[in-house]
Amino acid sequence: MIGFGAYEPFEAEGGRIVACYRPPVPPLPPTDEVWEALDRTRPVVEAFDRALSAFPVPGVVGRLFARLDAVHSSGAEGATTSFTDLLEYQSALRRAKDPQDAASVSGAAEAFDDLQDGMGAPCDAALAIHRRLFDRDPDPYWAAQAGRWKAHPNATDDPDSPTGLFHYTSPAALPAALEAWASFTMATGGPELVRQAVSHWLFEHIHPTADGNGRVGRLLVPLVLRAKGATRNACCFLGEAVHRDKQTYVSALKRGRLTGDMGAWTRVFLALTAQTAGLNLDRIGKLGTLLDGWKRTTGSVRSDSAVHDLVPWILTTPAFTIRDAVAGIGRGTFASVNRAVGQLAGMGIVTAAGARARDRLFVAPEVIALFESSPHRSPRVNTPATKA
Ligand SMILES: Nc1ncnc2c1ncn2[C@@H]1O[C@H](COP(=O)(O)OP(=O)(O)O)[C@@H](O)[C@H]1O
Ligand SMILES: [Mg+2]
């Protein structure tokens, strides 16, 4: 086996000895190997960050962009819940084509909500995200794993290995490996995006939980960058780009181990974050234009009407029931809010999805279109999320 890191024997169940990988804490790649990629990525991430801070409606990152990231980061792992499915699941209807799948995608979005304003220590944050991903799993085995480090070695297929498997860090080595990862992650020195690229590589090679390591690791990136003050908002996502090209992402992680070339891995990581931020920057620009248009359309409505509270709320909750809207804007009765939503429907801002009923879903199709559409559609495998 190749010499970047070491392999440590671990006695698994049944006395079987497996060679578990112990990644080194790699040095940051030399600046000249990554500056060009960094130079392309940093302005896009910063522009998206600034656009979020300047956006006239608060909460847009959590309500829309983190939800989109949850959909894509989970989609990269086989989840089939779409952005609209997630909103519908999180509405008062709590309805989904695949409730188990939607619950775990929703868990990733809720983990972001819990941690975006303060994530605490990296290991605690990783477990908190993991808990959200698995605590509603109907399989008691997986529900019992929620918020816990792995107790057994885990592996992925690896045709290059003599056993056909590559085993991540052994459970016995986890405390030391995680401590090294956490202090590297929170240390300063070098460009922060480069440090977090290497931190992500390290986390994925430790693979500290039985499942969910990809989703947990990718969500940590924006949270850590925000916690360290590198961005004002937790917004440096990579899920969408990973979903578009999972193969490139996984091969680059693996090649990092085989070659020890953290420069090559970091360039891929930077490209993934730049691509995701670029798509999001385009979306937030269009979202602002949409809001301006809605404000113009509703400009002649009486100034004390609930319509004016609904406009910004719907922009960040583009699939909702009347009950959700009453709770969301925090004023009015079912009847008055229903009337105001009816006015917005008359103006073409929202449309009713489904048959007339007290609890029906309304959607804002123009907002949904921004978050559902993707220039590239990856083929969706229609199976529930696979476990490691
Ligand atoms: N060969 C590999 N070497 C290192 N990391 C890998 C490799 N293959 C996949 N990964 C990482 O592991 C993740 C999948 O691990 P898993 O625990 O199943 O997480 P999730 O359930 O969120 O997908 C991938 O998203 C990637 O980050
Ligand atoms: Mg998995």
Side-chain angles (χ1 to χ4, degrees), residues 1-2 4-5 7 20-24 26 69-81 100-101 103-105 107-109 111-112 126-127 129-134 137 139 141-142 145-161 163-169 171 174 177 181 196-221 237-262 264-265 268-269 272-273 378 381 383-388:
M1 288 186 238
I2 320 263
F4 189 61
Y7 288 82
C20 291
Y21 183 62
R22 180 72 184 275
D69 183 64
V71 165
H72 283 301
S73 192
S74 308
E77 309 300 343
T80 56
T81 297
Q100 179 185 345
D101 193 82
S104 102
V105 177
F112 179 92
L127 285 183
I129 300 168
H130 190 263
R131 189 172 306 116
R132 283 288 196 178
L133 291 178
F134 291 98
D137 201 299
D139 181 332
Y141 173 80
W142 287 105
Q145 299 298 314
R148 287 173 187 270
W149 303 126
K150 67 187 172 190
H152 304 288
N154 48 2
T156 186
D157 291 340
D158 186 2
D160 300 331
S161 141
T163 60
L165 285 176
F166 165 72
H167 281 89
Y168 298 104
T169 299
L174 274 187
W181 164 74
Q196 297 316 318
V198 175
S199 164
H200 185 65
W201 180 89
L202 192 50
F203 185 84
E204 294 309 323
H205 282 83
I206 298 171
H207 231 67
T209 55
D211 190 19
N213 296 279
R215 285 165 287 169
V216 171
R218 288 189 291 273
L219 186 49
L220 283 168
V221 172
F237 301 112
L238 64 152
E240 184 167 11
V242 168
H243 192 192
R244 286 168 144 211
D245 197 351
K246 172 101 183 270
Q247 201 43 51
T248 299
Y249 162 73
V250 169
S251 319
L253 280 169
K254 181 175 165 181
R255 266 170 45 95
R257 163 174 58 93
L258 296 176
T259 63
D261 183 353
M262 283 295 113
W265 155 251
V268 170
F269 175 94
L272 295 167
T273 54
S378 57
V381 184
T383 53
T386 47
K387 302 274 159 66

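Indexing begins at 1, ligand by ligand and atom by atom, following the structure's order.
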Peer 1: Mark the output for R257 as yes if a heavy-atom distance to ligand 1 is under 4.0 Å, and as no if none is.
Peer 2: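 Heavy atoms of R257 never come under 4.0 Å of ligand 1.
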Peer 1: Using a strict 4.0 Å cut-off to heavy atoms of Y249, name the atoms of ligand 1 that fall inside it.
Peer 2: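 The list of qualifying atoms is 25 (O), 26 (C), 27 (O).
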Peer 1: Is there any N or O on T209 that sits under 3.5 Å from an N or O of ligand 1?
Peer 2: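 No: no nitrogen or oxygen of T209 is under 3.5 Å from one in ligand 1.
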Peer 1: At less than 4.0 angstrom from any non-hydrogen atom of R215, what atoms of ligand 1 do you find?
Peer 2: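 This gives 20 (P), 21 (O), 22 (O) as the contact atoms.
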Peer 1: Under 6.0 Å between ring centres: does that hold for Y21 and Y168?
Peer 2: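 That pair fails the under 6.0 Å test.
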Peer 1: Looking at ligand 1, does G217 have a heavy atom less than 4.0 Å from it?
Peer 2: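 It does not, in that no heavy atom of G217 comes within the 4.0 Å cut-off of ligand 1.
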Peer 1: In terms of atom number and element, which parts of ligand 1 are under 4.0 angstrom from non-hydrogen atoms of Y168?
Peer 2: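 So the atoms of ligand 1 that pass are 2 (C), 4 (C), 5 (N), 6 (C), 7 (C), 8 (N), 9 (C), 10 (N).
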Peer 1: What are the two closest heavy atoms between L253 and H205, and how far apart are they?
Peer 2: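 Smallest heavy-atom distance, with atoms named: O-CE1, 3.3 Å.
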Peer 1: List the atom of L174, the atom of W149, and the distance in Å for their closest heavy-atom pair.
Peer 2: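 Closest heavy-atom pair between L174 and W149: CD1-CB, 3.8 Å.
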Peer 1: How close do A70 and A108 get, counting heavy atoms only, and between which atoms?
Peer 2: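 Looking at all heavy atoms of both residues, the closest pair is CB-CB, 3.8 Å.
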Peer 1: Do any nitrogen or oxygen atoms of K246 lie less than 3.5 angstrom from nitrogen or oxygen atoms of ligand 1?
Peer 2: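 No.
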Peer 1: Do any nitrogen or oxygen atoms of A210 come within less than 3.5 Å of a nitrogen or oxygen of ligand 1?
Peer 2: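 Looking only at distances, the answer is no, because the N/O contact criterion of under 3.5 Å is not met.
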Peer 1: R132: what forms a side-chain contact (heavy atoms from CB on, under 4.5 Å) with it, not counting sequence neighbours?
Peer 2: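 R132: side-chain contact (heavy atoms from CB on, under 4.5 Å) contacts with E110, A111, D114.
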Peer 1: Any nitrogen or oxygen of H200, side chain or backbone, less than 3.5 Å from one on ligand 1?
Peer 2: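 In this structure, H200 places no N or O atom under 3.5 Å from an N or O of ligand 1.
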Peer 1: Are any of the side-chain heavy atoms of V242 and H72 separated by less than 4.5 Å?
Peer 2: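 The answer is no, as the side chains (C-beta and beyond) never meet within the 4.5 Å cut-off.
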Peer 1: For ligand 1, which atoms sit closer than 4.0 Å to a heavy atom of D211?
Peer 2: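 Counting from 1, the qualifying ligand atoms are 16 (P), 17 (O), 18 (O), 19 (O), 20 (P), 21 (O).
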Peer 1: Does the ring centre of F4 sit less than 6.0 Å away from the ring centre of W201?
Peer 2: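 Under 6.0 Å, so yes.
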Peer 1: By side-chain contact (heavy atoms from CB on, under 4.5 Å), which residues pair with D157, not counting sequence neighbours?
Peer 2: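 Per chain and number, D157 pairs via side-chain contact (heavy atoms from CB on, under 4.5 Å) with L165.
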Peer 1: Any luck finding a side-chain donor-acceptor pair between D158 and S161 under 3.5 Å?
Peer 2: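 Result is no, nothing qualifies.
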Peer 1: Given K254, R255, H205, which one has a non-hydrogen atom that is nearest to atom 4 (C) of ligand 1?
Peer 2: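 The nearest heavy atom belongs to H205.
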Peer 1: With only distance considered, is F166 within less than 3.5 Å of ligand 1 through an N or O on each side?
Peer 2: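 N/O-N/O distance under 3.5 Å: no.
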Peer 1: Within less than 2.8 Å of the Mg ion (ligand 2), any N, O or S from D211?
Peer 2: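 A backbone or side-chain N, O or S atom of D211 is under 2.8 Å from the Mg ion (ligand 2).
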Peer 1: Looking at ligand 1, would W201 count as a contact under a 4.0 Å heavy-atom criterion?
Peer 2: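 No, W201 has no heavy atom closer than 4.0 Å to ligand 1.
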Peer 1: Which of the numbered atoms in ligand 1 are below 4.0 angstrom from a heavy atom of T156?
Peer 2: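 Heavy-atom distances to T156 below 4.0 Å select 1 (N).
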Peer 1: Looking only at heavy atoms, what is the nearest atom pair of I206 and T169, with distance?
Peer 2: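 Shortest heavy-atom contact: CA-OG1, 3.3 Å.
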